[in-house]
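Okay, so here's the structure we're looking at.
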Amino acid sequence: MTTADLRIPRDLYTALKTHVTQAQESAGYLLCGMIEDGERVVLLGREWWPVRPRYRLISSHGMAWHPNFDVAMLNRAQNEKLGCVLVHHHSGGSPQLSPTDRETCESLLPFLSSEAPDRPHAFVVMGDRAAAGRVYRAGQLVASLGDTAVVGSAIDRWPPATLGLTGLRASRVGVVSNCGGGFLTAQLVRSVSEAACVTVLAENFPSREALRALRECDVIVACLDRFQARDDLNRFCKRYLIPLIDLGIEVALSHDSVPMTASIPGRISKVQPDGPCLRCQGVVDDARLEHERGGRALGQLENPRLPDPAIITLNGVVVSIATTEVLQVLTGFAGGESPNCGWIYDGVTGVVERVEKRFRGCSVCVKERGVGDA
Amino acid sequence: MADSVATTARPLEVFVNDRRVPFPTRRVNAAQIKATAGIRSDHSLYLRRPGGNEPFRDSETLWLEPDAHFFTRPPSGISCLDDHR
């Protein structure tokens, strides 16, 4: 039997939850991209469409709506190659489909999944900390969601276990680094914890194997020199709704006759599924990518030029902040106090500052977010 | 109604919910299509065009094309109240 998870960015989840938990019974469509890997489906929330008041019908109990809304959602799903997830809410920890729910589910889901057969569609009842439902594909039931935790980096109400060691033990952290850095990372992790399961992929990103492994991660850490690799990883993380921690530090020298240390800017940039990406934050842009290519065509890069010195103690400060940010992303220990874009470290003054930016939604954020494997 | 009905030489066939349904006339309204296909009146009629499936109100008149594909949908509903009965 196929298993299914939901991965929803915080902004969509907040809108969804606000709508479906209001006093008047309400429902809506979460249009989703997806990850499909054998018998596992991950539905990636991309758009939230509440049932509009003009489609509501008079009903003796619960909520009823005109099928024009269902067909409008089908049209959008067919055009955008997305799956339809019909969502509503029952209070309680372990919700089940009611008879009315089952009647709609057994009529609507085979229909949607026959009309848009090349992707899964789902009927989900959300409880306070779990979801129940069914997943269909090509007219057939392929999975039942029973007491399935709604997963994602941005759910505001995590299952309690996630805040403790059980949740952290189950977390998957991807580290993408240069020139064999992954082997060193793996060695260090193994020396710290025998319980940690470490997989080293000697693959270039974005090879098929690397993509397949990274899309399952709960958070990805980028320890890279190239802007092109950062840009690729930025898109990838938006596409699969995975938080990205990108770090870097440089020692900039003055242009005096005897060069002196001019500045030591360090950066721990955080990209959340519902926040500004590296392009929105100004870390990556087309001009930098073009400069890095040095006139060469896309994909024709030589080894990175590393003229600047690296000082391990300074790197260590940045890495420690990044690791703490990984823990924050996984556990949410800072709640709403965590800055949305990470931290800046000044290696000269030793000052660490928060980075907060407005989410303006660049083309990567709008086009790539939540599309998954499509 | 007589001036709004065009009679065909032989029955024209369209598909409603993937089932062939013959029509003696090409100009009909959505309610007539549902009635001829034995569809409940509270269901709604759509012309199948992937990505642009088109709804028709019951009173809306259509000019049938041979082998056109229609589908119908009932209203949808959800309820948490059933849980507590």
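The shown structure was predicted, so the numbers you read here are calculated from the model rather than taken from an experiment. Just the heavy atoms: all of them, side chains too, but no hydrogens, waters or symmetry mates, feed the values below. Letters A, B, ... are given to chains in the order of the sequence lines, protein chains preceding strands, and every chain is numbered from 1.
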Quiz item: Does any N or O in the side chain of A:Asp101 come within less than 3.5 Å of the main-chain N or O of B:Ile78, such that one atom is a donor and the other an acceptor?
Solution: no
Quiz item: With only heavy atoms counted, which part of A:Ser107 is less than 4.5 Å from chain B, the side chain, the backbone, both or neither?
Solution: both
Quiz item: Relative to chain B, which segment of A:Asp70 carries a heavy atom at a distance below 4.5 Å: side chain, backbone, both, or neither?
Solution: side chain
Quiz item: Can you list the residues that meet the side chain to side chain donor-acceptor pair (under 3.5 Å) rule with B:Arg57, with sequence neighbours excluded?
Solution: none
Self-check item: Heavy-atom side-chain proximity of B:Cys80 to A:Glu25 below 4.5 angstrom
Solution: yes
Quiz item: So with a 6.0 Å cut-off around CD of A:Gln140, is the heavy-atom count from everything else above 12?
Solution: no
Quiz item: To the nearest 0.5 Å, how far apart are CG in A:Asn75 and CD in B:Glu54?
Solution: 10.0 Å
Quiz item: Would the number of heavy atoms belonging to other residues, nucleotides or ligands and lying under 6.0 Å from CD of A:Glu103 be above 12?
Solution: no
Exercise. To the nearest 0.5 angstrom, please state how far the CG atom of A:Leu74 sits from the CZ atom of B:Phe71.
Key: 6.0 Å
Self-check item: side chain to side chain donor-acceptor pair (under 3.5 Å) between A:Gln78 and B:Asn53, worked out
Solution: CA-CA 10 Å; A:Gln78 287 175 325; B:Asn53 298 295; 3.0 Å; yes
Quiz item: So which part of A:Leu108 gets closer than 4.5 Å to some heavy atom of chain B, the side chain, the backbone, both or neither?
Solution: both
Exercise. Of all the heavy-atom pairs spanning B:Gly51 and A:Asn79, show the shortest one and how long it is.
Key: O-ND2, 2.9 Å
Quiz item: Atom OH in A:Tyr55, atom OG in B:Ser76: separation rounded to 0.5 Å?
Solution: 12.5 Å
Quiz item: For the residue pair A:Ser98 and B:Ser79, what are the closest heavy atoms and their distance?
Solution: OG-O, 2.6 Å
